[in-house]
Every structure is written in structure tokens, then in C-alpha cells.
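Right, one structure below, let's go through it.
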2 protein chains.
Amino acid sequence: MFNLEIDNIKASRTAADRVFSALQDAIVRGDIPPGSRVGETELAERFGTSRGPLREALRRLESRRLVERTPHVGIRIASLCHEALIQIYYVREALEGMAARLAAVHMSPEEIDGLRNLLAAHEQDEALKADMAYFQQEGDLDFHYRVIQGSHNTALTELLIGELYHRIRMYRYQISASAKRPQKAFGEHQRIVEAIEAHDGDLAEMLMRRHISSARQNIEQHQRDNL
Amino acid sequence: MFNLEIDNIKASRTAADRVFSALQDAIVRGDIPPGSRVGETELAERFGTSRGPLREALRRLESRRLVERTPHVGIRIASLCHEALIQIYYVREALEGMAARLAAVHMSPEEIDGLRNLLAAHEQDEALKADMAYFQQEGDLDFHYRVIQGSHNTALTELLIGELYHRIRMYRYQISASAKRPQKAFGEHQRIVEAIEAHDGDLAEMLMRRHISSARQNIEQHQRDNL
DNA sequence: TCAATCCAAATTGTCGACAATGATGCTCCC
DNA sequence: GGGAGCATCATTGTCGACAATTTGGATTGA
């Protein structure tokens, strides 16, 4: 239903790609505790492969900052400190604001229809209120994915989806019961879509920046509460 | 003199890191023709190592979009088309504008002094006019590096230096005689530093965005001329 | 008792060989 | 003569074994 596995689709060609996807999911979902040390042999047998493909997967995960390596010592699963997450949100504000502006200019009518339908689906699902927290989170991600891809700027898309989003998702699972604000976020999504429909780039950027800024402030508030 | 090898310093620990740095330099400098196919065995003996470390280096270069891999077929050196370069410059405009804003707020007096000294050195070197084109380019890079790091936002720094700059450098070597505008760029640098010194984030962002926008327009003009 | 040194165990880094897959050229049939 | 199918070949993917390095503890000396 949702189109979340952007770069995991073609991953099943070789064993190295398979273990890369599996390991990334395991890290992002928190199956492997963040900050923990893991041995290569252990991981290799866990994923049913040899150390060769595993090491290639590790290199790629290192580039994505999901694991940290120190030569001759080993690897440890990255743990996103709160400060780093806030920094990422500031970068998101700049990049996704730009994405929204570009989307307002470059999105095709079909893509805009898709966005509208997505929001409509969210509205219906919201009525169900079944497993809503998780659902809202994934739906939120899907909304942002579409706007980003609507920018039709490959460099921008690769940066946001390929570099930042995995780390954000990892953090969401880490503090599993993250503060949510579904109704408010849903309304903000709707206004962003309206701005995109009107091809109003300035407004779309401003609304998206506010949207992400609100999310960041929400996280910061949550951090203060849990001190 | 210049601090260009940000992430190549720690690279000499293992053979895999060494071949990674060497291969990256070879690609960025154009020693290996962009778009060309290369075999693993060939590369391995070229860098005096086995295929194991080489493959790990390739995986990391793939994450940086410097090489493209297709399973069971091989690798080819990435070739940056003009459109992709322009897209990167738009992203740079957003990210480095943000970096300049943050630098105006967070840069320490010592860092600001360093920036000033750098510009002074450029001014003197400009008088020499010795090998100026290359010099200006590297100096320009160094200036931007410092502003970016002055933002004190790790996520932002990693994105710009770790992801985008290598590709930009590769392109500079590809069209080796890129259009230059040293005097103009130098003046823009000075004004940006003045804004940072005055801790005027708004102005610093605006000037940096204009600076990069000018560079982009310059490239676009150069492209039109060479059609 | 504390510190420095050395040894050993475990883990990572590297290498060469084997298996699997895609590409190239040939042959054969229509 | 042209195209489809097949066999060979080169290249990549994978694996197991060996070498190099770090870490941790044990031992010895002050």
C-alpha cells in the first residue's frame, strides 16, 4: 500500500544487497540495540551468509551513518543523540521547504491527484483509529516522500531519502512512543497540498517549513518532559 | 596549506581505505575517464591490492554516487550530466545559505579570524597571479569548507562535504577550463565574511545564496556558449 | 598496592580459489 | 539472408582460510 521501500526493491539480486536491506531494517526498527557492538561472524551467521557480503553491506551502512566502524576494532550500531536529531530536523526544514517549492512548480496533475487521494485515504483511516500511531507515522512519511519526489530534483531526492530519512526512522523506533500530533499534522498536510495545487511555491515552502519546525519543537518539548 | 582532504586523513589505516581514497581521487581528478567501464581485476592490480578491499571501496564510492554498479555486469565511472550539476547547485543554494546563517550565529572569534586570514592570503596570492585558475578554485572550495564547518551542524556538514562536494569537484575537472570569475567571487566572499562578523544571519544567508546562484548562472551561461 | 609490560585470545583485514551470472559469437533453422 | 537458440567465455559474486592488529588480563617489578 505504501511506497516506503524506495531503494530496497532492487536489493534482492545478490546476497550482499539482501543482507544490506535486512541489516538496515534491523537497525532502523531497533531489533539490534543502538550503540551495541556486534561481531562480523555473529552477524554473518544471523543473516545466513559469509563475511564477504556482510562486510560490503557494512561499508554501505557506514556511508549512511547507520553503523560506526573503527579499524581493527569492530562496528557498533549508531545511536542518534537528541542533539543530532534536532540538527537533522533543521536540515530537513531547509531541504523539504525547497522540495515543496519545487513541487508546487513541477508536479504533474497526476502526481497532485495522487497526493490528494493519499490524504483522503488518511482521512478515512483516521476514522477507523485502528493502530493509529504507527499508521500516522508511516502515512506521514509517505506524504513527505511524494512531495520530495514531486520536486523532480534527483540530487535533492537522493539526499533526503537516501541519507536523512533512514536515520529519522531509526530514531522514531528508538523512542517508540514519540509524541504525536496527528490531527494538527494532518491539517498542515492538507494546506501544503492546497498550496501545491495552486502552484504557489512561496506558500508551499513556508507551510512546509512551519510543518517541520512544529514537528521539531514537538520533539524538543518531548525531550524536556522526559528529562 | 589548504585543508581539502577532510575525510582522507584517517584513510591510511587499512588497504581498503587507501584504495578508496586513491580511487576517489583518480575519479574526481578525471584520471579515469567518466562513463568508462572498468574491471575489478584491472583496478585491483592498478592499486596493488586484492579484489576484496577494492570491492569494499567500490561500495562506498557507489554510495557517494561516484561509480554506478549493475549486478553481475560491472562498474562504470559516474558521469555528471549538466542537468544534474545544476540540480546540485540549487541544493547547494539552500544548504549553504543555511550554513552561512548558522555560521553568523555560531562561529567562534577564532574561526572568524581564520576566515579573514584566508581571504587576506587569497588577496596576496591574487597579486602573484601564478597558476591562478586552479588556485582560485581550490581557494574557493576552502572558503566554503570553513563556512560550512562554522555552522557547527554536523548533519549539514556531512551532507555538503561528504555527499555533494566530491561530485562538484569531479565536474570541475571534467570541464577543466570552466568559466571563472575570480574577482567577482572574491568580493562576494568578503561581503559574506563581513556579514558573519556582524552576526547578521539573514544577510549572510542572502549573500551566500546569491553567491552560489551567480556561480550556477555562470555555469549555465558557459553551457549555452559551448553548445 | 599500583603501574608498566608482555602474552594470549579473539576479532578484523586480506587473499586466493571456486561458483554463478550475463555477454559474445557461432551455428542452425526458417 | 536473417533471426532465434545455444555454447563458450569473461567477469562478477561468494566462500573459507590465513595473517595482522587490538584488547584484556596476568605477571612482575618498584
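Naming: A, B, ... by sequence-line order, numbering from 1 per chain. These numbers come from a predicted model, not from an experiment. Both backbone and side-chain heavy atoms feed into the values below; hydrogens, waters and symmetry mates do not.
Salt bridge status for R209(A) with E205(A): present, with a side-chain N to carboxylate O gap under 4.0 Å.
Taking the centre and axis of the six-membered ring of Y90(A), the NZ or CZ atom of R216(A) falls inside the cone set by 45° and 6.0 Å.
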statement: A correct 5'-to-3' footprint of nucleotides 8-23 of chain D, with B, S and - meaning base, sugar-phosphate only and no protein heavy atom under 4.0 Å, is ----BBBB-----SSS
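Scanning for side-chain contact (heavy atoms from CB on, under 4.5 Å) contacts around A204(B) gives A100(B), A104(B), A195(B), I196(B), with sequence neighbours left out.
Taking the six-membered ring where the residue is Trp, the centroids of H211(B) and H144(B) are separated by under 6.0 Å.
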N/O donor-acceptor pairs under 3.5 Å from side chains in residues 154-163 of chain A, not counting sequence neighbours:
from    : atom 1 : to      : atom 2 : distance (Å)
T157(A) : OG1    : N153(A) : O      : 2.9
E158(A) : OE1    : R65(B)  : NE     : 3.4

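Every pair tested for salt bridge (Lys or Arg N to Asp or Glu O under 4.0 Å) that includes a residue from residues 71-86 of chain A fails, sequence neighbours excluded, so the list is empty. Residue pairs that meet the salt bridge (Lys or Arg N to Asp or Glu O under 4.0 Å) test with at least one member in residues 49-58 of chain A, sequence neighbours left out, are E40(A)-R51(A), E40(A)-R55(A), R55(A)-E56(B), E56(A)-R55(B), E56(A)-R59(B).
Taking the C1' atoms of five terminal pairs at each end of the helix from dT1(C)-dA30(D) to dC30(C)-dG1(D), the two resulting helix axes are inclined by 10°, rounded to 10°.
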